[in-house]
Novice: 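Right, I'll just put the structure down here and ask away after.
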Protein chains: 4
Amino acid sequence: MATDRAAGRPRDRRTHEAIVSATEEMIMLHGYAGTSINAIASRAGVGKDAIYRRWPGKPELVYEALFARVDTGPVPDTGTLAGDVAQLTQALVDEFATPAATAALPGLLADFAADPALRTRLRSAFLAPARARMVEIFDRAGARGEIAGTAQVDLILDTLAGAVFFHVGLMGEPRTAELAAQLADIVTTGIGTR
Amino acid sequence: MATDRAAGRPRDRRTHEAIVSATEEMIMLHGYAGTSINAIASRAGVGKDAIYRRWPGKPELVYEALFARVDTGPVPDTGTLAGDVAQLTQALVDEFATPAATAALPGLLADFAADPALRTRLRSAFLAPARARMVEIFDRAGARGEIAGTAQVDLILDTLAGAVFFHVGLMGEPRTAELAAQLADIVTTGIGTR
Amino acid sequence: MATDRAAGRPRDRRTHEAIVSATEEMIMLHGYAGTSINAIASRAGVGKDAIYRRWPGKPELVYEALFARVDTGPVPDTGTLAGDVAQLTQALVDEFATPAATAALPGLLADFAADPALRTRLRSAFLAPARARMVEIFDRAGARGEIAGTAQVDLILDTLAGAVFFHVGLMGEPRTAELAAQLADIVTTGIGTR
Amino acid sequence: MATDRAAGRPRDRRTHEAIVSATEEMIMLHGYAGTSINAIASRAGVGKDAIYRRWPGKPELVYEALFARVDTGPVPDTGTLAGDVAQLTQALVDEFATPAATAALPGLLADFAADPALRTRLRSAFLAPARARMVEIFDRAGARGEIAGTAQVDLILDTLAGAVFFHVGLMGEPRTAELAAQLADIVTTGIGTR
DNA sequence: GCTTAACCGAGACGGTACGTCTCGTCTTATC
DNA sequence: GATAAGACGAGACGTACCGTCTCGGTTAAGC
């Protein structure tokens, strides 16, 4: 019976964690552009090779350090499309509007968009959990008869994510408690009805 | 009697234009990150100082080369809020979803967001024309009784701009003819009515 | 009574040979500087530790792989000092002017000279066999009355070795068949008499 | 009439000198292998580019810093070949057996020998002044009838230089006052006559 | 036949140097 | 004083080796 075990000395889990932690700290302290691989390695007490062995470059490392959390929460199910969208939007706010995300996202998205290899992963990297939930939410809404036909999930999701990113991440508007509700309201019932 | 005329040799207007043109070309050819001040100067047949004398850095230069067009078109006035918003959204698409803008915006917005001095100018730099129009549109809609109370202009504008930027600029979705109409529809009448 | 036998698994003789062979090949193919321990280990199908267990570093390994041949030939005895020196010089040419030696010697001597621990072994490592022979040759020449007093063996040997190394090893002069005879002639009878 | 003057800011002579001085000091303090371009730049208070703008790499820089002195002394003319060779040999000792040369030469010659582009320059770089003098010395000796036929200048020069390098530079033998005279004696009158 | 200890291939580890690139400033001679 | 050219100090980039270490596994000698 062959083993799956890779040959050679196994990678040290603590090295991985030290790099990820140092990355997170550097981003919070000095922003995305002010964070260099050298500085991360130095702060983590690690050689540069230990980083390049695991990640191809800064974008992938920062992405994993800040955004690769597996989303395990339950899918919203409030009984109405408006309520479900509001909860999902709140999740987007929670993901995109944290101090660390605000510090990293503009530069990180720019690097992802600039590299052809990363560009294809943009949606799956940053919106995958939200998208799966949104599909389910709209399926249920369709079953209830709330909406007719096929909803444009990607466009609506991009609208919500873009709104959060632009409003809080770029423009730096204070993240008011009602933001998610207002955004959800806009896309579900429209401006005119408020 | 003092003259406004600066002492010494006046700046050459063609130098300015050569720099702006070279910047535009470089951005289209090599993207934002692949465009260096050195390369712009070289392509424009100009010294680096001629650039730094006019702009503090790459972000300001690229911004002026690609986005500082004065918007002189008439404010939309279709008679309905929905129609006006649709036209305004189309203007946003025209501005944010061109090939040059797609190539420059992610990196440019990242640089603006990273620099405290530029950060404060984000809204005025990229959304100023649209914002003035939107205020007028909503004022008229309020006068017609279409909406009640004060509309949250900035949030709605960020939503529209964020949607365009995220959907086309980052995710690379095709810029379809109906995009502006669909987006305007989402924010004015909501998802449910489609 | 303790045995000299080391505990544990004995070293594999084939590992040793594979390393030495790979070293020789790498030196011939890529030169001294272009030969890394990593590459030797890889070519030999061996782990790096198998090398470092046997040699402290690249200089010692390359030295053993290329120069540690035991010299078992007979001491020259032609009846005249000139004849004996000619034969001994030929042996130096044979040792220093081979393709492998030419590829390795400059870098190898530099590493030996740079490391204090190796520096003391320079003469014994590279000139030991020739020196022993030379002492005998000069003893016989003194007994025959060919020379008077104590000959400066080291200086003469360094002159011969330096000449071979400089002329062929560094300057890359073609190794003509008469080289050894000419050199021996120079140091025994002087320039003027040719 | 066009000027030969290069465009742009001229290179600062003091930068050049600072680099050369720092190189000399580093070599004396830490040897050839222990001298990095980074450390030279740092000690000279200079950016790395200022070095790479002037020299292709460490070998060329160190060569210029330590050996590129123009030899302006008069050609020896003592009236005898032996006397002239003795003086020329003394010049070789003066060049090759200084502390700085001893620290740099082994590694420097190895780097020159390893690089095809530098290899061709070995003789002209390190032996040019001595060779021109030797040709003249031998010409005069021929005119005086001291020697017959064509002397093998390169071989004799390599022998002398190799002897000095090997004896003092590599083996670390003390550089005695009589060294040059002894070497010259060996090559001119042979071992036997001493 | 079990234990023990050094060997083995593989490759991760913290460091260090490399040579290239870009940044924004500065220093020339020329216009 | 603006200009084109390009030198300048600084420092990040990603690559290559260094010599050590840590795995799972192998191979003999000594009990």
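In what follows, every chain begins at residue 1, and chains take the letters A, B, ... in the order their sequences are listed.
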Novice: Any donor-acceptor pair under 3.5 Å between the side chain of C/Asp49 and the base of E/dC7?
Specialist: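 For C/Asp49, whose side chain was compared with the base of E/dC7, there is no donor-acceptor pair (under 3.5 Å).
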Novice: Categorize D/Arg54 for me: base, sugar-phosphate, or nothing, with a 4.0 angstrom heavy-atom threshold over every strand shown.
Specialist: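 Sugar-phosphate, backbone atoms only, no base.
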Novice: At less than 3.5 Å, do the side-chain atoms of D/Arg9 and the base atoms of F/dA7 form a donor-acceptor pair?
Specialist: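 Indeed, a donor on one side and an acceptor on the other fall under 3.5 Å apart.
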Novice: From CZ of A/Arg13 over to C1' of E/dA12, roughly how many Å is that when rounded to an integer?
Specialist: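 Atom CZ in A/Arg13 sits about 16 Å away from atom C1' in E/dA12.
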Novice: Atom CD1 in B/Ile51, atom NE2 in B/His16: separation rounded to 0.5 Å?
Specialist: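 NE2 of B/His16 is found 11.0 Å from CD1 of B/Ile51.
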Novice: Look at the side chain of A/Lys48 and the base of F/dG14, then say whether one donor and one acceptor between them are separated by less than 3.5 Å.
Specialist: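 Between F/dG14 and A/Lys48, which were checked side chain against base, a qualifying N/O pair under 3.5 Å is present.
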Novice: Nearest to the A/Arg53 side chain among F/dG9, E/dC13, E/dC8, which nucleotide is it?
Specialist: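 Closest of the options to the side chain of A/Arg53: E/dC13.
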Novice: Given atom CD1 of B/Ile19 and atom P of F/dA5, what is their separation to the nearest angstrom?
Specialist: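 These atoms are roughly 12 Å apart.
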Novice: Starting at CE of B/Met26 and ending at C1' of E/dT22, how long is that distance when rounded to a whole Å?
Specialist: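 So the two atoms are 12 Å apart, to the nearest Å.
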Novice: Between D/Ser36 and C/Asp12, just flag the one whose closest nucleotide in DNA chain E comes earlier from the 5' side.
Specialist: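 Nearest-nucleotide comparison on DNA chain E picks C/Asp12.
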Novice: Between atom CD1 in C/Ile51 and atom P in E/dA10, what is the gap in whole Å?
Specialist: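 The distance from CD1 of C/Ile51 to P of E/dA10 comes to 12 Å, rounded to the nearest Å.
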Novice: Sort and list the pairs that fulfil side chain to side chain donor-acceptor pair (under 3.5 Å) and have at least one residue in residues 48-58 of chain D, not counting sequence neighbours.
Specialist: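 Every pair satisfying side chain to side chain donor-acceptor pair (under 3.5 Å) with a residue in residues 48-58 of chain D: D/Trp55-D/Glu64.
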Novice: Just checking B/Gly45: base, sugar-phosphate only, or nothing, at a heavy-atom cut-off of under 4.0 Å?
Specialist: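 Sugar-phosphate contact only - B/Gly45 comes under 4.0 Å of backbone atoms but never of a base.
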Novice: For A/Thr35 and C/Pro56, find the nucleotide of DNA chain F closest to each by heavy atoms; which residue's nucleotide sits nearer the 5' end?
Specialist: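 The residue whose closest nucleotide sits nearer the 5' end is A/Thr35.
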Novice: Decide yes or no for A/Ile19 and A/Thr15: does some side-chain heavy atom of the first lie under 4.5 Å from some side-chain heavy atom of the second?
Specialist: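 Yes, at least one pair of side-chain atoms sits under 4.5 Å.
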Novice: Taking NE2 from C/His30 and P from F/dC17, how many angstroms apart are they, rounded to a whole number?
Specialist: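 In whole Å, F/dC17 P and C/His30 NE2 are 11 Å from each other.
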Novice: Expressed in angstrom and rounded to an integer, what is the separation of B/Asp111 atom CG from E/dT22 atom C1'?
Specialist: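 B/Asp111 atom CG is separated from E/dT22 atom C1' by 13 Å.
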Novice: Rounded off to whole Å, could you give me the CG-to-P distance for the B/Leu61 and E/dC23 pair?
Specialist: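 After rounding, the gap between these two atoms is 11 Å.
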Novice: Closest to the B/Lys58 side chain: F/dA4, E/dC23, F/dC18?
Specialist: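 In terms of side-chain proximity for B/Lys58, the closest of F/dA4, E/dC23, F/dC18 is E/dC23.
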Novice: Once you round to the nearest 0.5 Å, how far does CE of B/Met28 lie from OG1 of B/Thr35?
Specialist: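 So the CE of B/Met28 and the OG1 of B/Thr35 are separated by 11.5 Å.
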Novice: Rounded off to whole Å, could you give me the OH-to-C1' distance for the C/Tyr32 and F/dC18 pair?
Specialist: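 Checked: the OH to C1' distance equals 13 Å.
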Novice: Can you tell me how far apart CG (A/Leu105) and CZ (A/Phe112) are? Round to the nearest 0.5 Å.
Specialist: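 With rounding to 0.5 Å, CG (A/Leu105) is 10.5 Å from CZ (A/Phe112).
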Novice: Need to verify one output field. Residue with the more 5' nearest nucleotide on DNA chain F, B/Val46 or D/His16?
Specialist: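 So the residue in question is B/Val46.
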Novice: Mapping B/Ala39 and A/Thr15 onto DNA chain E by nearest heavy atom, which one lands closer to the 5' end?
Specialist: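 So the residue in question is A/Thr15.
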